[in-house]
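Accompanying notes for the structure given below.
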Amino acid sequence: MVLGGFLTLVVVYGLIQLSLIWPSAPFWNKEQEFAAILGSTTRIIIASMIAYLISQFHDVWLFHLLKKWFKHRHLWLRNNISTFLSQTLDTTIFIVIAFYGDRPLLPLIGGQLVVKWLIAVADTPFVYLLVGKIKQLPVIDD
């Protein structure tokens with residue numbers, strides 16, 4: 001799943017680059033603005049790719065480590081600890097690479113973390129619901 005998400009980021013980056021080199025439609029008179037906006041996304045997309053790979057692999061690794069430590073119990077705690085830490089990694093790596101030297105980093109990191117941590121807590125009931133549904137699926141043996 002992590003590699004699938006990463007591949008999606010690579011494809012989006014490729015499509016953006018392709019849209020910048022293709023000639024515009026004859027009626028389009030905003031090519032300069034279009035290029036200015038999408039052309040400035042390279043640093044942001046690369047930052048996103050790096051942060052995504054590191055944070056998502058860390059999240060999966062930590063979640064499974066916590067699963068062993070907690071002996072398959074306390075799903076809410078495992079989910080929140082791994083998500084909080086991986087989102088902290090993701091946000092910090094992304095903001096530093098994407099905006100270092102352009103924007104004040106700490107306010108950007110702090111603001112994003114508050115929102116991401118609130119979402120992590122709010123998604124806990126949905127994690128339990130999804131896990132419950134998955135456990136109801138029949139097991140297929142080959």
Side-chain angles (χ1 to χ4, degrees), residues 1-140:
M1 293 301 286
V2 172
L3 292 176
F6 180 76
L7 180 61
T8 302
L9 288 173
V10 171
V11 169
V12 167
Y13 178 71
L15 291 173
I16 288 171
Q17 295 307 307
L18 187 62
S19 73
L20 291 171
I21 60 173
W22 272 354
S24 61
F27 62 84
W28 181 252
N29 61 358
K30 303 287 184 191
E31 187 63 25
Q32 188 173 9
E33 293 87 348
F34 181 80
I37 291 169
L38 290 182
S40 66
T41 61
T42 298
R43 186 171 166 187
I44 291 170
I45 291 174
I46 289 171
S48 180
M49 288 179 187
I50 293 168
Y52 177 84
L53 275 179
I54 293 170
S55 67
Q56 291 305 306
F57 278 117
H58 179 271
D59 189 29
V60 170
W61 169 80
L62 183 57
F63 184 84
H64 287 288
L65 178 67
L66 293 172
K67 190 174 183 179
K68 289 178 187 175
W69 284 1
F70 289 115
K71 298 180 171 112
H72 296 257
R73 296 175 28 207
H74 307 298
L75 174 61
W76 65 273
L77 187 58
R78 293 183 277 134
N79 180 58
N80 283 307
I81 289 172
S82 70
T83 301
F84 276 42
L85 291 176
S86 68
Q87 288 304 319
T88 301
L89 271 174
D90 180 77
T91 299
T92 304
I93 293 167
F94 172 76
I95 295 294
V96 169
I97 294 172
F99 300 113
Y100 181 80
D102 291 336
R103 305 268 188 281
L105 303 179
L106 291 179
L108 290 172
I109 292 169
Q112 281 196 20
L113 284 179
V114 168
V115 171
K116 288 179 176 184
W117 291 344
L118 288 173
I119 291 170
V121 171
D123 81 0
T124 300
F126 298 103
V127 170
Y128 272 92
L129 180 68
L130 184 60
V131 168
K133 293 291 183 188
I134 290 172
K135 286 182 178 181
Q136 291 175 357
L137 293 174
V139 177
I140 300 173

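- To the nearest 0.5 angstrom, S86 atom OG is 13.0 Å from F57 atom CZ.
- Expressed to the nearest 0.5 Å, how far NZ of K135 lies from CG of L130 amounts to 11.5 Å.
- Panel note: side chain T91, backbone Q87; a donor-acceptor pair is recorded below 3.5 Å.
- Residue N79 comes nearest to A120 through the heavy atom pair ND2-O, 4.4 Å, listed as atom of the first residue, atom of the second, then distance.
- G5 and Y52 make their closest contact through CA-OH, 3.3 Å (heavy atoms, listed as atom of the first residue, atom of the second, distance).
- A heavy-atom distance below 4.5 Å is found between the side chains of V121 and F84.
- The aromatic rings of F70 and H74 sit perpendicular to each other, their planes meeting at more than 60°, with 30° as the lower class boundary.
- With a 4.5 Å cut-off on side-chain heavy atoms, L38 and S19 count as touching.
- Using a 4.5 Å heavy-atom threshold, the side chains of L65 and L62 count as touching.
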Exercise for the section: Please report the C-alpha distance between I81 and W76 in whole Å, then the side-chain angles of each, then the deciding distance to 0.1 Å, and finally whether the side-chain contact (heavy atoms from CB on, under 4.5 Å) criterion is met. Expected result: CA-CA 9 Å; I81 289 172; W76 65 273; over 6 Å; no

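- Relative ring orientation between F99 and F94 is described as perpendicular, the plane-to-plane angle rising above 60° on a 0-90° scale split at 30° and 60°.
- The two residues A98 and R43 make their nearest non-hydrogen contact at O-NE, 3.2 Å.
- A distance of 9.0 Å separates CD1 in I95 from CG in D90, rounded to the nearest 0.5 Å.
- The two residues L85 and H58 come nearest to each other via the heavy atoms CB-CE1, 4.1 Å.
- The local environment of CG in L18 is crowded, with over 12 non-hydrogen atoms from other residues, nucleotides or ligands closer than 6.0 Å.
- The two residues F63 and S82 make their nearest non-hydrogen contact at CD1-OG, 3.7 Å.
- No donor-acceptor pair under 3.5 Å is formed between the side chain of R103 and the backbone N or O of L108.
- Rounded to the nearest 0.5 Å, atoms OG1 (T42) and CD (Q17) are 4.5 Å apart.
- E33 CD: more than 12 foreign heavy atoms inside a 6.0 Å radius.
- Residues W117 and T83 fail the side-chain proximity criterion, which asks for heavy atoms closer than 4.5 Å.
- Nearest approach of M49 to F6, heavy atoms of both residues: CB-CE1, 3.5 Å.
- With rounding to the nearest 0.5 angstrom, the CD atom of Q56 is 10.5 Å from the CG atom of L89.
- Atom CG of N80 is separated from atom CG of L66 by 11.0 Å, given to the nearest 0.5 angstrom.
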